Protein chains: 2
Amino acid sequence: MSAVTIYDVAERAGVSIKSVSRVLNGKPNVTEALRRKVEEAAESLGYRPSLSARGLAGARSYIIAALVDAELTIEHWRSGRGNDYLSRMELGALMECRQAGCHLLIELVDVASDTLKRDILAMVSSLRPDGLILTPPVSDCAVVLSALDSRGVAYVRLGAETEPSRGRRVYMDDHRAAYDMTAYLARMGHRDIGFVVGSPRYAASRARREGFEAAMAQHGLQVRPEWVADGDFTFPSGLDCGLRILSADPRPTAIFASNDDMAFGVIQAARRLGLSIPGEVSVAGFDDAPGAQFSAPQLTTVRQPVAEMAEAAARMIIAHAQDSTHEAPRVREVAYVVIGRESTAPPPPPARHDRP
Amino acid sequence: MSAVTIYDVAERAGVSIKSVSRVLNGKPNVTEALRRKVEEAAESLGYRPSLSARGLAGARSYIIAALVDAELTIEHWRSGRGNDYLSRMELGALMECRQAGCHLLIELVDVASDTLKRDILAMVSSLRPDGLILTPPVSDCAVVLSALDSRGVAYVRLGAETEPSRGRRVYMDDHRAAYDMTAYLARMGHRDIGFVVGSPRYAASRARREGFEAAMAQHGLQVRPEWVADGDFTFPSGLDCGLRILSADPRPTAIFASNDDMAFGVIQAARRLGLSIPGEVSVAGFDDAPGAQFSAPQLTTVRQPVAEMAEAAARMIIAHAQDSTHEAPRVREVAYVVIGRESTAPPPPPARHDRP
DNA sequence: ACGTGCAATGACAGCGCTGTCAACAGATTC
DNA sequence: GAATCTGTTGACAGCGCTGTCATTGCACGT
């Protein structure tokens, strides 16, 4: 009826609870005979140590907490949409936790709160997690980082751009990815390329824009202000920006949006304006959102290996928790993939505006 | 530097730790003066009780664990896709947890494991969660339910169909939803409707098929075996089933797939066979997946309020944890919405096969 | 023979809370 | 005024583990 404790196992195996503890935690200096006895007893009783008791008594809690932006979450919740990034992050983290006998806890953080520092400290002292996985935009929040640093809590910043050498970090090169996508369009023959900027809350937005600009400069192409619009990563903002950019005269032959939702918006805008895609306008996105391969047309985009990033992050935390003396790498870059699909094609023959 | 404990608060407020505990847990029989003193002290120290200590000492753990099918998760992880259902579930659960000061923990469960019962018991005694949210197909797994029942752990079954009166349950009427969607197609004028069955691992698959069949019977329409194919909720299986059904002669004028991913597969199949949608074939899905509104054409589907379901589930658990004597409702049905989009339209004029 | 060193094991305290129960004050009764 | 009750507060044990340190047993050297 009631739960099995370490005392039951110790009694069954005829040893002290300390020995049981040692065996179950893989501590050294245990004879093979003892190990077998304990393992058998534990196995036959279906014993698993209490998370609370371990957390309270020992240095480790076997908990990894993922910090997620509350505002973003509320937004998704209100609109009834899932969060693909978050979901993929969790999958990766879960796979790693499972192996290591850790537990994944999702925690909301309001980075706009003026008690943010307190909130973080309170959360940390309440949970005492083995480590934290910070998702964007939390991973770029200086207040959070300094709060965690002050407590010496291990954390891994996912997709962080600012203060690159602070804490542990697993990231993708957004700058280079945006550069590559822009170059991809340029190689196709596009010279007039528009850009939809992402939300300023995310450091990645800036990196993507700068990557775009760098590629344009590198290819001797001009970034025209009327072909650049500020979105906020949502579909409506993409629609809006798309309408604005495509109403310009002359209009670009390609538009690169900072994420897929906005790219869908741009596609919608083009449709409203009677422009065919990719015939008259090419559109590229970023993220490889779930809809990207079912959209009309299928969307050219950049795929970010979010699950892989989270796995690496969880692994870093677990390695640190198991042996904090052994210095493992604190930074890891993962590879992105530019995925060419139907929404991009060479531009129509230049007939609209003259070039000497 | 180190964490704030209840002792610090008690000292600051000049009271015993027990009084601090009472105030912070909202227990009765505390004078206003004491309450204020304690609250001030706690506030000024930024105190938050240790999860582990509370869990160990008291009856509650302030942990709600969501049980997720491991196989499903691994599948998603391998293919690099997110899990929209899971994501929306979490959003809802998180919103509720946040309010109640609970923490959400995601736990993988392998329902195919032959040590399943042990696994569940071990998990429960290790975590001692206030309650569990069971997601499909775990919510329909009898072994899990009986393991939990034997320990008296509170759980809420999400979208469960079998043994309706067992445990707490939040569900949507899949049968009626499928019925309604079928009726929607019939009202449009379709008489020849195909169906793609979902994975037998999910009880919902059966409910949806039966809803479809009931509606067909009700409308005097015949279910032709060659127009029904067994899928497994994946895109490739949808493609496969789509090809099979649409190659039949005669072929149906509409196909209703048990979920959106398979509907996308059917659309792909139609495209390969040179059939226009919805001109020659109408396609309907189920779930309102993220891609459904960006697909070509936009997909007619059924929307399930997953976040709302999870919210209700979390609320049930919290209510029970706070006061297990007060008997709250144990079953809750939520409303679905049939969303008509571009992928369905009246059938083409009957010219292919005769009817007297 | 005896001491020395080291590996294996156990005794015990204590992590930070909550539950139980006792102590005490003030109000109410006869 | 003593007895009783009610509401408020605190002392203390103990939840199930891990960390520290003591103890044991055994191989080795002299």
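Not measured: the values here are computed from a predicted model.
Salt bridge D140(A)/R157(A): present, at least one basic N to carboxylate O contact under 4.0 Å.
Taking atom CD1 on I6(B) and atom P on dC17(C), their separation rounds to 5 Å, with Å as the unit. If you measure from atom NZ of K18(A) to atom C1' of dG14(C), you get 13 Å, rounded to the nearest angstrom. The separation between L56(A) atom CG and dC15(D) atom C1' is 9 Å, rounded to whole Å. When the C1' atom of dG14(C) is taken as reference, atom CD1 of I17(B) falls 13 Å away, rounded to whole Å. Distance L45(A) CG to dG16(D) P: 14 Å, rounded to the nearest Å. Atom CG of L51(B) and atom P of dC17(C) are 11 Å apart (whole Å).
Between Y7(B) and dG14(C) there is no side-chain polar atom (N or O) within less than 4.0 angstrom of OP1 or OP2. Contact between the side-chain N/O atoms of S19(B) and the OP1/OP2 oxygens of dG10(D) is found at a separation under 4.0 Å. The shortest distance between the side-chain N/O atoms of S16(A) and the OP1/OP2 oxygens of dG10(C) is below 4.0 Å.
At the heavy-atom level, Y62(A) lies nowhere under 4.0 Å from the strands shown.
R169(A) pairs by the salt bridge (Lys or Arg N to Asp or Glu O under 4.0 Å) definition with nothing, not counting sequence neighbours. Partners of Y202(B) according to the ring pair (Phe, Tyr, Trp, His ring centres under 6.0 Å) rule, which considers only residues two or more places apart in sequence or in another chain, are F233(B).
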Residues R54(B), N25(B); criterion side chain to side chain donor-acceptor pair (under 3.5 Å); working and verdict | CA-CA 11 Å; R54(B) 290 180 120 181; N25(B) 289 307; 2.6 Å; yes
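Considering only heavy atoms from C-beta on, Y155(B) comes within 4.5 Å of R166(B) through its side chain.
Rounded to the nearest 0.5 Å, atoms CG (L105(B)) and NE2 (H103(A)) are 6.5 Å apart. Considering CD of E308(A) and CZ of R332(A), their distance stands at 5.5 Å, rounded to 0.5 Å.
End-to-end axis angle for the helix from dA1(C)-dT30(D) to dC30(C)-dG1(D), using five pairs per end and rounding to 10°, comes out at 50°.
Both R60(A) and S52(A) lie close to DNA chain D; mapped to their nearest nucleotides by heavy-atom distance, the more 5′-ward contact belongs to S52(A).
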Would you give me the side-chain donor-acceptor pairs under 3.5 Å for residues 33-47 of chain A, sequence neighbours excluded?
| from | atom 1 | to | atom 2 | distance (Å) |
| --- | --- | --- | --- | --- |
| S44(A) | OG | R12(A) | NH2 | 3.0 |
| S44(A) | OG | E40(A) | O | 3.4 |
| S44(A) | OG | A41(A) | O | 3.1 |

Contacts table for residues 91-99 of chain A: side-chain donor-acceptor under 3.5 angstrom, sequence neighbours left out:
| from | atom 1 | to | atom 2 | distance (Å) |
| --- | --- | --- | --- | --- |
| E96(A) | OE1 | R315(A) | NH1 | 3.1 |

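For R22(B) against dG19(C), no side-chain N or O and base N or O form a donor-acceptor pair under 3.5 Å.
A heavy-atom distance below 4.0 Å to DNA chain C is reached by these residues of residues 24-38 of chain B, ordered by number: N25(B), K27(B).
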